[in-house]
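These numbers were taken from a predicted model, which means no experiment stands behind them. Every number for a ligand or one of its atoms is a count from 1 in the order of the listing.
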Amino acid sequence: MPRLVLSPKILDGLDFGAPSAERDIGRGLEKCFVESAAYHRVHSGAKTVLLGNRGSGKSAIFQVVAKRERTAGNRVIELSPEDYSYELLGSTMAAENAGSWAKHGAYAAAWKYLLYVLVMKEIARKGMRLTKGAGAEINGYIRNNHANVQMGRLSVLVSYLKRLENIKLGPIEAGAKTRELDRLYKLEEIHSLLPGLKKVLDKQRVTIVVDELDRGWDSSEDAKAFVAGLFQACVTVNALHKNLSVYISLRRELYDDIPALYEDAQKYRDLLETIRWSEDSLLELIAKRIRYSAREMGYDAQVLDRADDLTCWNAVFAPVPGGPVDGSFRYVVDRTLYRPREIIEFCTTVLEVARDRTPTLPLPYEAIRWAERGYSEERTKDIAAEYRFQYPGLLGVFEVFRGRDHAFEREELQLLCLELVLGEIPTSRTSSWLPFCDPDGLIEILWQTGFLTAQPVGDADPADGGRGAFIGVHQVQHLNLAAVQRFQVHPMFRAYLGVQRRNGD
Ligand SMILES: Nc1ncnc2c1ncn2[C@@H]1O[C@H](COP(=O)(O)OP(=O)(O)OP(=O)(O)O)[C@@H](O)[C@H]1O
Ligand SMILES: [Mg+2]
């Protein structure tokens with residue numbers, strides 16, 4: 001295989017990117033962007049709801065879609081964390097049990113109202129000369145009703161919700177109540193403007209991206225109604241015109257935490273795109289970063305483009321001595337749950353550690369080992385934090401594996417899980433879920449969170465003593481976990497927890 005030799009000077013400029021896409025977009029994300037099939041399905045409008053784990057690249061797709069839309073002269077509206085505050089919603093809105101006011105429907109109507117108002121505001125902005133016909137009508141409506149530019153976007157939604165709530169729960173005579181509510185649900189205030197809006201959209205494309213819905217998530221009634229209502233509104237608004245697209249991103253666990261969404265799964269199934277990565281696409285991501293950094297430092301673009309992804313990797317990370325050519329990449333990727341943020345962080349930590357100790361290229365294989373402990377600790381704590389609403393105290397459950405062997409037969413693992421469930425091995429803050437699990441249920445949770453890998457039945461090759469490949473939840477869509485007989489702690493968690501590998505295994 002051809003070699004690529006990079007001067008150690010590159011070390012100073014080598015950059016694997018910022019850990020989140022919002023900051024990465026200013027650090028070369030668009031040039032290093034891996035264009036997956038998921039990206040194309042989203043950008044074409046075929047899929048409008050993006051599901052993925054933390055750090056899987058939801059914002060990256062939205063950032064690149066937004067940038068490319070703007071470059072093409074189209075309008076983009078980005079709704080981000082400061083625009084929603086679940087705490088505020090909870091303290092402002094009456095609880096569902098204060099009267100049957102069908103929160104989801106109310107939130108859906110309020111979201112539709114907000115989305116249409118945002119689009120109209122965008123096209124009525126200065127610079128768009130809408131002085132005639134439909135445009136003028138929209139301009140007039142925005143000027144008369146939403147002139148207060150200081151008002152946050154969420155306040156438009158909250159005030160609409162308040163209008164609904166006041167009628168639902170207020171002392172109004174029944175007939176009038178129905179009429180008023182009907183008017184609000186049908187968005188009567190802006191309904192007559194929609195045909196005009198469609199005309200404007202014939203010539204002007206508008207994209208709305210709603211990202212980071214999980215920031216500040218508190219799993220409350222209002223938070224769930226807020227997101228479920230947004231899903232419903234998204235379907236309606238996307239049907240208005242092909243040039244108007246609303247995109248939502250959501251973390252997978254959050255989607256699973258909202259019964260209104262997965263119970264209605266068939267309504268949304270055709271809109272959902274789940275982000276998945278493979279070893280090859282993660283290698284491509286890092287290789288793109290290496291080529292980009294080297295090019296910025298003056299390296300010949302043609303030489304870099306001729307080098308394949310693994311060659312680029314090996315120019316920075318030396319292969320495992322005496323091991324296969326992709327040894328160091330395998331070592332790193334095996335310690336991820338196939339999320340780009342993980343590999344970016346691992347590579348960045350290796351680089352930082354090595355810069356201080358041996359500023360040569362390729363970085364020695366030991367540099368990966370030096371960085372592993374810190375990376376493993378961070379990831380273990382982050383994964384536990386990711387599931388803090390569903391499984392509080394999960395870190396304490398991970399800790400129970402500290403110092404143990406990395407591999408378990410099912411029966412052995414069941415016994416350990418039984419001790420955990422019964423509280424014979426004490427853990428803290430787990431009382432809301434752990435005592436209600438059975439051992440197999442706990443195994444399922446540890447598998448779902450990525451902590452355990454499993455050996456699929458039928459993969460046990462007698463030639464290697466029945467030790468076939470162990471795979472994680474990030475590598476398969478379906479696995480009959482009940483039939484699995486052997487499990488391992490995922491390598492990402494091992495360095496921090498001091499989980500040992502049995503000799504020869
Ligand atoms: N397709 C891609 N090509 C290149 N880099 C990517 C791609 N997807 C993600 N990345 C990079 O991976 C990192 C994590 O991605 P991102 O911030 O989009 O994750 P996320 O799913 O939005 O995470 P969170 O749930 O925390 O918001 C960022 O540095 C981002 O630039
Ligand atoms: Mg994000």
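- Contact check for D440 versus E444: no side-chain heavy atoms found under the 4.5 Å cut-off.
- Checked against a 3.5 angstrom limit, the closest N/O atoms of L285 and ligand 1 fall outside it.
- Checking side-chain atoms of N314 against main-chain N and O of V325 turns up a donor-acceptor pair under 3.5 Å.
- Taking only non-hydrogen atoms, the option from S249, G57, A18 nearest to atom 15 (O) of ligand 1 is G57.
- Of all protein heavy atoms, the one lying nearest to atom 30 (C) of ligand 1 is D24 OD2, 3.6 Å.
- Of all the heavy atoms of F62, none lies under 4.0 Å from any atom of ligand 1, so neither backbone nor side chain is involved.
- Between E22 and ligand 1, a contact under 3.5 Å exists for no N or O pair.
- Around the Mg ion (ligand 2), the protein contributes the following N, O or S atoms at distances under 2.8 Å: S59 OG, E212 OE2.
- The side chain of E212, and not its backbone, has at least one atom closer than 4.0 Å to an atom of ligand 1 (non-hydrogen atoms only; side chain from C-beta on).
- For atom 13 (C) of ligand 1, the closest heavy atom belonging to the protein is P19 O, 3.4 Å.
- The shortest N or O to N or O distance between P340 and ligand 1 is not under 3.5 Å.
- The pair E78-R70 counts as a salt bridge, with a side-chain nitrogen and a carboxylate oxygen less than 4.0 angstrom apart.
- Every salt bridge (Lys or Arg N to Asp or Glu O under 4.0 Å) that R291 has, sequence neighbours left out, goes to D309.
- Every N/O-N/O distance between F33 and ligand 1 stays at or above 3.5 Å.
- Close approach of ligand 1 to C32 (heavy-atom distance below 4.0 Å) involves ligand atoms 3 (N), 4 (C).
- Formation of a donor-acceptor pair under 3.5 Å by the S281 side chain with backbone atoms of W277 is not found in this model.
- Contact annotation for Q63 and ligand 1: no heavy atom of the residue comes within less than 4.0 Å of the ligand.
- Atom 22 (O) of ligand 1 has S59 OG, 2.8 Å as its closest protein atom, hydrogens excluded (heavy atom only).
- Of all the listed residues (V34, I61, L29), L29 holds the heavy atom that lies closest to atom 5 (N) of ligand 1.
- Residue A21 has at least one nitrogen or oxygen atom sitting less than 3.5 Å from a nitrogen or oxygen atom of ligand 1, judged on distance alone.
- Residues Y387 and Q448 have side chains that never bring a donor and an acceptor to within less than 3.5 angstrom of each other.
- Under the ring-ring contact (aromatic ring centres under 6.0 Å, His included) test applied with W111, the options Y116, Y160, F226 reduce to a single match, F226.
- Residue I344 has no N or O atom closer than 3.5 Å to an N or O atom of ligand 1.
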